[in-house]
Structures are given as C-alpha cells and as structure tokens.
Asks: 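Sharing a structure below in structure tokens format, with a few things to ask.
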Amino acid sequence: MDSALPENSRAMNEKNLELVQQCLKQFDVREEQLRQIQAAVLRDMERALSGQTNPSPTVRMLPTYVRSTPHGTEQGNFLVLELGTSGATLRVLWVTLTGISGPRKEPISWEFTIPMEITLGTGQQLFDFAAGCLVEFLERLKVGSQPIQLGFNFSFPCHQTGLDQSTLISWTKGFRCSGVEGQDVVQLLREAIQRQGAYNIDVVAVVNDTVGTMMSCDPRPQACEIGLVVDTGTNACYMEEARHVGELGEDQGRVCVNVQWGSFGDSGALESVQTPFDLQLDQESLNPGTQRFEKMVGGLYLGELVRLVLIHLAGQRALLGGITSPALLTRGSVHVEHVMEIEDPSHGRARAQAVLQGLGLNPSARDCEQVQQVCGAVSARAAHLCAAALSAILARVKSNQERSHLGIAVATGGRVYEQHPRFSAILQQTVRLLAPDSDTTFVPSEDGRGWGVAIVTAVASRLALHRHHLEETLAPFRLDSEQLKSVQAQMREAMVRGLRGEDSSLPMLPTFVCATPDGTERGDFLALDLGGTNFRVLWVKVGSRSEGGVKITNQVFSIPESVTQGTGQQLFDHIVDCIVDFQKEHGLSGQTLPLGFTFSFPCKQVGLDQGILLNWTKGFKASDCEGQDVVSLLRAAIRRRQGVELNVVAIVNDTVGTMMSCGYEDPHCEVGLIVGTGTNACYMEELCNVSAVPGDKGRMCINMEWGAFGDDSLLQELCTPFDLSVDKASINPGKQRFEKLISGMYLGEIVRHILLHLTRLGVLFRGQVFQCLQTKDIFKTKFLSEIESSDLQRRQVRAILEKLGLPVSCDDALMVREVCQAVSQRAAKLCGAGVAAVVEKIRENRGLEELSVAVGVDGTLYKLHPHFSDQVKDTVRHLAPRCSVRFLQSEDGSGKGAALVTAVACRLAGSTRA
Ligand code: 0WK
Ligand code: BGC
Ligand code: BGC
C-alpha cells in the first residue's frame, strides 16, 4: 500500500506503525505471565474456600446451593427473569421443561431495555421496573391466574444462604442502584411483585448467570461442570467438593461455587499486565479499584479500552492523523459490538471505517487496519486472561478428582464469547496451552441461561415443596405458649382430682415417704434399681459427712426381653440371681442388709414396703405381676432361692429415689423428675391434700405417675397421627399417653414415623421407602441426641443415617435434623409444663408469693440430649415465673435414694446394722 507514497510519508507511516506496535505490545501477556495469573487465581480460590482472610483473596467463591448438575427429570412451566448479564437489558422468559424424554421446547422470551436513570436510581425503581416487565410479559402470554414459579437470574456478586436467599455484596457492570447492597434481592423482587399485585408469582430461586449457563447444558452425553460467561461482565462457576466449602459444613456431595473472578487482582495481582489505559479506565469507572480482572475482559470495558488507546495514539499523531472527535472523547462511545464488528475477518475493515466515521472521524484505510489491530490486541488479551483464570479452575477440578488427566465440559455463554469472531478460539487455544492435561469440551449453552435457570428453579420448587411438606408435618409439634399453659392448667386440675381420689388420669400415689434424710442416717444398705435403661444392684454405705457421707458400689445387670416380657416369677428370680451374684462379687454373701427397692413402675403403696403394681410400662410386661405387691413377689423369689436372706425395707419409685438422693445434698430438693426410658415426677405434697392417707399434718411425697396423664384423652388435640401410630404399635396402647409424647422409649419411634411419612411424600430419600425405615425401634432416641448436637456437621448426621442403611443427601440430613429437633423440643416443653404445674402447686400449697425449690433429675434423655434440659428450664421459667427452680442432676441415680429411704425407715424404726 505504501510503495506509491513519497519517502517521508512512508517513514512517517513506519514511525506511526512503530508507535502503534509499541503501544499494543503492552497488551501482550506472555505465557509465563499467564501461568503466574493461573497460579495466582488458583491460590486465591483455595484461600477463599478455606475462609482465609489475610491476605484476603480477591475471588469470592460463593456457594450457590445448587448441588447437582441437571439430571433431566425436571418438568413444568417456569418464568425466568434475567437481570444484569447483558448490560442495561432485562429479559423475561417462559420456559417449559419436559423432562429427560420430552422434546426440548424453545423458551418464549422478551427483552426490555433498562433506562439509565433506573440502573443508577433507587433499588425500588429497579425492582418495580422488573416487576412491571414481568406483568407486561405475562399479559401478552395470557397465562391467566395460575400460580407461577419464577427463577431470578441475578448476575451480580451475592452471598447466598439458600436457593432463594441472596444478599447483594456489591454492584458491578454499570449498575449502582441505591438501597440494594447488603439486601436480600429475592425479598426486594417479591415486594416489587406484590406492589404490582397482578399475578401470583412465587420467586423460588435466585441464580447467577454462570450457574444458569452451566445448568442449561444437556447432560447427555456429558454434563457441564463449569459455567463460563463473558458478556458485559465476566465470571465462572464450577462444581466443587462440598467438604471444601467451609461455610456449608458438609463432607459429601458437591456444590456449585460462583467464583466471582471479576474482582481478581483487586489487591494488585494484575499490576504486571495492567496498562495505563486499564488504570485510566478504572479511575473513570463507577467502581474504581474494584473488578480489575473484569475491566480487562468484560464486554462493558473492551470498547472503552479501545477508545482510550485510539485517543492515546491519536494524541501521539500515530493514528487518525492526530485528530480526535467529541464522540471519540466521550466515555462509552465505543461499544464491544463495535470491537467485535471491527475484528470481523471478512467485513472488519469496512466496519472499522463505518464505526470511526460514526464517531465523527475521517479514518484512512491504514487507520482502519490499525484500529483493527488495536481491537485485536485488546480482545486477545481478554481471551488470554480469561483462559488463564479458566485453567486455574480446571487445575482445581482435576486435583479434586485426583486424576492425572481430566475430561470435562465447560458451558459457555455471553455475547463476547458467543459473538466475538476470535475470542472463543483464542481462549480455547490458550486453555490447551495452560491446561494440557485437561481434555476440555466447550459447550455453547443453547439459549443462554434461561433454560438453566428454569432447571434450578424446578429443583428449588421441588425443595420448596419439600420445605412446605416438612413445615406442615412439623407444625403440630411446635407448641405455643397458650397450648403449654393449657397443658399446665389441665395437669394441675388432674393433680387435685387425683389427690382427692376423683376421676383423673394422674394416679397421684402416696409413697409413705414423709421425711427427707436429715444426715443422721448411718449403715450399709442394699439397693435395687429396676425400670430404667439398666438394672442395677447397689451396696450403699451411709456414713457421716466426715467419713465421706455416702459410698456406693454398684453393678449393672442386663434383663433380657424374654424376662421383662416373661413371667413375674422369671423376672423376680432373675433379680434375686443378680443380687446373689453381686453379693458374691462384693463379699456380701450371707449378710442380710436392709434393702431398698427402686421399682420404677406405677405402684399403689399401702406402706413403705408394700406396693401393688398397677400396670407395667416401658416395655415391661411380665405376667402375674399387675395387681400384685411387688415386694411380696421379691420376697417369694428370695424364698425360692435357698440360703439367701434379704431384708426388703422399702420400695420406692425412681422419682422418689432421685428426689431423696439429691435431697441428701440439698434439703430444698422437694421434687423428683425422671426423663429417661419413661418419664414421671414426684413431689412433697401437704398431707392434708392427700385424701387417701389419714392425717393432715406434715407432708408426704406423692408419685404422680404423670406418664399416664392424658390417658383420659385430655391430650387428644396435641396427639399427631404419628403419636397415634406409636401408641397403637406399643405394648400398652391407650396408656401412658403423656409418656409417649416425651420419653426416650418413644421419641425415636415418633421420628421414624415422621421420616416414613415424609419419604412417602417424596420429601426424603428421593421418595424411596427403605426397609430399615419400616423397622420398629430401629431409630433409637440416642440418635436424636447425636443428630441434634450443635457441633455435629451434616456429615456426621449423614453417617448416623447411613449406618441405618439410608442413602442420605445433604438436604435429607438437614431435614432429618429438623424432625428430631421438633420432636424433642415438644417433649421438653411438655415436660417443662408438667414441672411448672408441680412447683406452682407447691407454691400455692404454702401460700407463698415466691417459691425457691430444687428438682432432682435423672434419666438418659434429660442428661444426654444436648438441648432437652435447657428447653425444660426455659419452659418452667416461662410458665412458673414466681418459682425459682434449680435442677439438680442426680449423680448416683435413685439407688442411693432408695438406700436413704431405707436408712430413714430404719432410723425411724430405731434399727440399723452398723
Ligand atoms: C437412673 C436411675 C433409675 C431411673 C433411670 C431413668 O437410677 O432409677 O429409672 O435413671 O433413666 P433411664 O435409664 O430410663 O434413661
Ligand atoms: C458479576 C457476576 C456475573 C458476571 C457475568 C459480573 O460483573 O459480578 O456475578 O456472573 O458479571 O455476568
Ligand atoms: C413409670 C414410672 C417411672 C417412670 C420413669 C414410667 O413408665 O410408670 O413409675 O417413674 O417411667 O422411669
């Protein structure tokens, strides 16, 4: 072209070309620089994942709560609102998902331009504008008033705490609406839709555009595991191992992480490749100092970079004859579309001319050629940098999958990636250079993100439906203050009726224990503790405090079900066998020590050593015992065993034993509470209120047998179908209703029935009803305690359930935990309402304004469950504010109490064996 020109013009042209080349050289990023950037992005990713803050990583690594790539089963119609991917435009789509087998239906979509005053206005204006577009779209679509589920494609950095909870961290890409940063954008959209009041639209998911892009890929033959967007802005997401995402607290499965690589380099990592044009562009941008990587790659900035270079070169008189124009000097006058056209291999030169003339310039052919080079340099750098960052993700996924070679599919989207004539090719070539051990397939996402957002929305709506089913199922377990007050009042009335011997579901059994230990008790005693998790034989030495007070030697014996559900003779013979073994073991054989018998079942006592068993509870069903005096049954067994002599002095309920045991340490302990296999309470009642026992002076301990509260269907309203199933399947249907809502023997079963119900609804375990879930008593109450312990990560919850043979997803584990929490919380609150009724009774018995009292407590559920005891205490504080109640956990169990009752009896009878 120059050969025809005079010498000096040729020299001028060469000098100008030199100047242009020199300037564009700044946009060259060498391979080793790209590798440094790849390594720096990877380092930042790992820092962000592990929550490191110093130095703070500049990529954000935001969990998206999308846990699986599409499995194609999603179906239904979904509305999708896209905001922020393609500049100041908003798109509304109607997407019909037809599942894996159905034909792929093209979405119906509409694009709306967002006026500048909206993108820079208030958040309310922006969301009202968006809601207005939704209504306009739906009007045209004539969808009528059916409930509509919407997926919100919001392409800005957001901290998500769920599929439908997302807080905007900061605006990018020319948006700067006030009052939105730090807010939940789903809430803002819901409010705007409500203000429209036109349609019943439920926003069920918010999705970043990279996620929508990744999810829009057809999972056949290979699901995409990375989503890449290069449009106005740029970003990527990928499937990360959930265990690496600190804030999730999970260990299995994967979760999609929104990398937010636009902010990479905000702390200087890109300085080595930044040009003065980049710095100027950043200075003049809406968000100086941030989104440095995006400002070198995103479409919103490529045109601007070209413009600044053109002005610079014109300023050096190396281009355009040194002449600029007002349009060229106007920020944003060169768009990415211009750059893409100018780089068009066939028409680029002509387009360059048209674009420059459109800017009021008069370019020469040489100018056009050099402007093409400028565009080429700027976009090639963008593609190289993007490839370096993408290669960092590939390296991450490869190390996650512990593979030497990675085969992976990347979903791509965005106008720059899709429409720029060379961008994608340069990017793919550079990725092959930087990540040679990854076989990367680039899959253009067919309709962009709409599809993918609809799939995430379908998943989210399925999860929302599950959440609805879960809330609906658990709602009856969430007792409010009124319900608890009514249980307290009903129990109070039942107590009074029971004490008067009137019709009541509360037996209110006199125990003939009228005094708590006064510390003068002395001697050796044997004690038996039957009715809890373990059967124990105890040797209790009661000495003075200086001699160390009470010393206990005990031994736990198992009682096989064949005995607990055999004959009474078998049971009591088994008990005597254990006593004999114990005596042998501890050198007590042949000694006749006074014996206290903790027998934790409802007994009508006619004396301290006479107790007629009213009915078995807690899985015991030994025949020929109900209606019998169990002390006689024990004595008969002792007689049957030749050469054994035992002096049974007292029979006490475990609540009484517990009260006595704690009362030995704290004389204010006047209530005994058991929350273990079964549940029950006793307390010191005024003798004048106990119609069954003559006399009206002093007090007597009353064994309430509150487990039977509600056996007169008083608690019917509180009983859920799950409670009815547990009761029906129990060995004593219709009995112990209060106990069956509270105690350890039943909570696991209630949970199992709820899990079964939720599985049948398809909410849990993908709707598969596994045999183990249909197995009675397989879900132990101790699992509740384990699953609810707050420091237990989801992974451990899953381990417990997997041990049962249940394949558990993360969401399953979460929901199972919520079920356990609801069941145990109800139990604790009901137990608290019971204790409140008792302490209020004592306060009013004594005509006190304020009562200070202690409650002796025992039982595995109360002791081992992480939250049970606190919830009981909170409920008592709430329902009996005029009672200050201290809960004393019994260390030695009720066996010690039984020995102390025996010691008191012996003291009162004036006979102990030193
Ligand atoms: C330990 C007591 C015993 C009582 C038991 C209740 O010594 O008398 O029956 O607590 O708790 P569980 O063992 O049923 O959890
Ligand atoms: C946003 C990202 C988005 C990307 C591509 C960036 O400015 O921060 O969330 O994915 O643009 O649209
Ligand atoms: C029994 C009570 C006992 C409670 C706690 C209930 O099943 O009826 O007597 O106190 O369990 O063990």
Side-chain angles (χ1 to χ4, degrees), residues 60 62 82 84-87 153-158 168-175 207-213 227-237 258-263 287 290-291 293-295 297-300 413-414 416 449 507 509 527-536 538 554 598-603 613-620 652-658 661 672-682 703-708 732 735-736 738-740 743-745 781-782 857-864 890-898:
R60 297 184 188 278
L62 305 165
E82 269 190 10
T85 295
S86 308
N153 181 354
F154 186 71
S155 309
F156 298 92
C158 287
L168 175 63
I169 299 169
S170 61
W171 284 115
T172 61
K173 294 176 292 191
F175 279 74
V207 186
N208 183 266
D209 54 355
T210 54
V211 181
T213 300
L228 167 68
V229 167
V230 188
D231 196 302
T232 315
T234 181
N235 190 15
C237 70
N258 168 7
V259 178
Q260 282 299 140
W261 66 20
S263 49
N287 51 355
T290 65
Q291 297 295 102
F293 182 80
E294 176 158 272
K295 287 169 181 166
V297 175
L300 184 64
V416 175
R449 306 144 290 273
L509 305 166
L528 307 177
D529 187 351
L530 177 74
T533 311
N534 305 307
F535 169 54
R536 292 188 307 156
L538 303 90
N554 77 75
T598 302
F599 183 77
S600 313
F601 301 93
C603 286
L613 174 61
L614 297 174
N615 56 274
W616 283 118
T617 65
K618 290 179 291 188
F620 276 70
V652 295
N653 184 263
D654 53 353
T655 54
V656 180
T658 299
S661 173
L673 172 67
I674 296 285
V675 194
T677 318
T679 184
N680 187 16
C682 72
N703 167 12
M704 298 176 65
E705 284 299 335
W706 78 7
N732 54 352
K735 294 265 182 260
Q736 300 294 99
F738 194 57
E739 178 162 85
K740 285 173 182 164
S743 79
M745 179 151 195
T781 296
K782 74 178 170 71
V857 196
D858 209 332
T860 28
L861 181 58
Y862 185 95
K863 282 184 165 176
L864 301 184
S890 155
E891 297 318 325
D892 312 303
S894 61
K896 170 182 167 185

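Both ligands and their constituent atoms are indexed starting at 1 by order of listing. Count residues from 1 along the sequence.
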Asks: List every atom of ligand 2 that sits less than 4.0 Å from any heavy atom of Phe156, numbering the atoms from 1 in the order shown and giving each element.
Replies: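 Within the 4.0 Å cut-off of Phe156, ligand 2 contributes 1 (C), 8 (O), 9 (O).
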
Asks: For atom 15 (O) of ligand 1, what's the nearest protein heavy atom and its distance?
Replies: Thr860 OG1, 2.2 Å

Asks: May I ask you to identify, for Asn703, whether its side chain, its backbone, both or neither come under 4.0 Å of ligand 3 on a heavy-atom basis?
Replies: neither

Asks: I'd like to know whether Asp231 forms a side chain to side chain donor-acceptor pair (under 3.5 Å) with Ser86, so could you lay out the CA-CA distance, the side-chain angles of the two residues, the decisive distance to 0.1 Å, and finally the verdict.
Replies: CA-CA 6 Å; Asp231 196 302; Ser86 308; 3.2 Å; yes

Asks: With atom 1 (C) of ligand 2 as the reference point, say which of Gly262, Ser155, Gly174 has the nearest heavy atom.
Replies: Ser155

Asks: Going by distance only, is there an N or O of Phe601 that falls short of 3.5 Å from an N or O of ligand 3?
Replies: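 Yes; at least one N/O pair falls below 3.5 Å.
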
Asks: Heavy-atom contacts under 4.0 Å between Asn208 and ligand 2: side chain, backbone, both, or neither?
Replies: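 Near ligand 2, Asn208 shows its side chain, while the N, CA, C and O stay back.
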
Asks: By number and element, which atoms of ligand 2 are closer than 4.0 Å to a non-hydrogen atom of Thr172?
Replies: 1 (C), 6 (C), 7 (O), 8 (O)

Asks: So, regarding Asn534 and ligand 1 (criterion: nitrogen or oxygen to nitrogen or oxygen, under 3.5 Å), is there a contact or not?
Replies: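 Checking ligand 1 against Asn534, no N or O pair falls under 3.5 Å apart.
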
Asks: Which bit of Asp529 gets closer than 4.0 Å to ligand 1, counting heavy atoms only: side chain, backbone, both or neither?
Replies: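 Answer for Asp529: side chain.
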
Asks: Under 4.0 Å, heavy atoms only, figure out whether ligand 1 is touched by the backbone of Thr533, its side chain, both or neither.
Replies: both

Asks: Under 4.0 angstrom from ligand 2, any heavy atom of Asp231?
Replies: no

Asks: Quick one: does Pro157 get a heavy atom under 4.0 Å from ligand 2?
Replies: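 Per 4.0 Å heavy-atom rule, Pro157 contacts ligand 2.
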
Asks: Consider ligand 3: state whether an atom of it lies below 4.0 angstrom from any non-hydrogen atom of Gly707.
Replies: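 No, Gly707 has no heavy atoms under 4.0 Å from ligand 3.
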
Asks: Enumerate the atoms of ligand 3 whose separation from the nearest heavy atom of Ile674 is less than 4.0 angstrom.
Replies: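 Contacts of ligand 3 toward Ile674, numbered from 1: 5 (C), 12 (O).
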
Asks: When you measure from atom 2 (C) of ligand 2 to every protein heavy atom, which one gives the shortest distance, and what is it?
Replies: Gln260 OE1, 3.2 Å

Asks: Find all atoms of ligand 2 within a distance of less than 4.0 Å from any non-hydrogen atom belonging to Lys173, and give their numbers and elements.
Replies: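 By the 4.0 Å cutoff, the relevant atoms are 1 (C), 3 (C), 4 (C), 5 (C), 6 (C), 7 (O), 11 (O), 12 (O).
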
Asks: Check each heavy atom of Ser894 against ligand 1 and say whether those closer than 4.0 Å belong to the side chain, the backbone, both or neither.
Replies: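 Both of them.
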
Asks: With respect to Asp654, determine whether any N or O atom, backbone or side chain, lies less than 3.5 Å from an N or O atom of ligand 3.
Replies: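 Checking ligand 3 against Asp654, an N or O pair does fall under 3.5 Å apart.
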
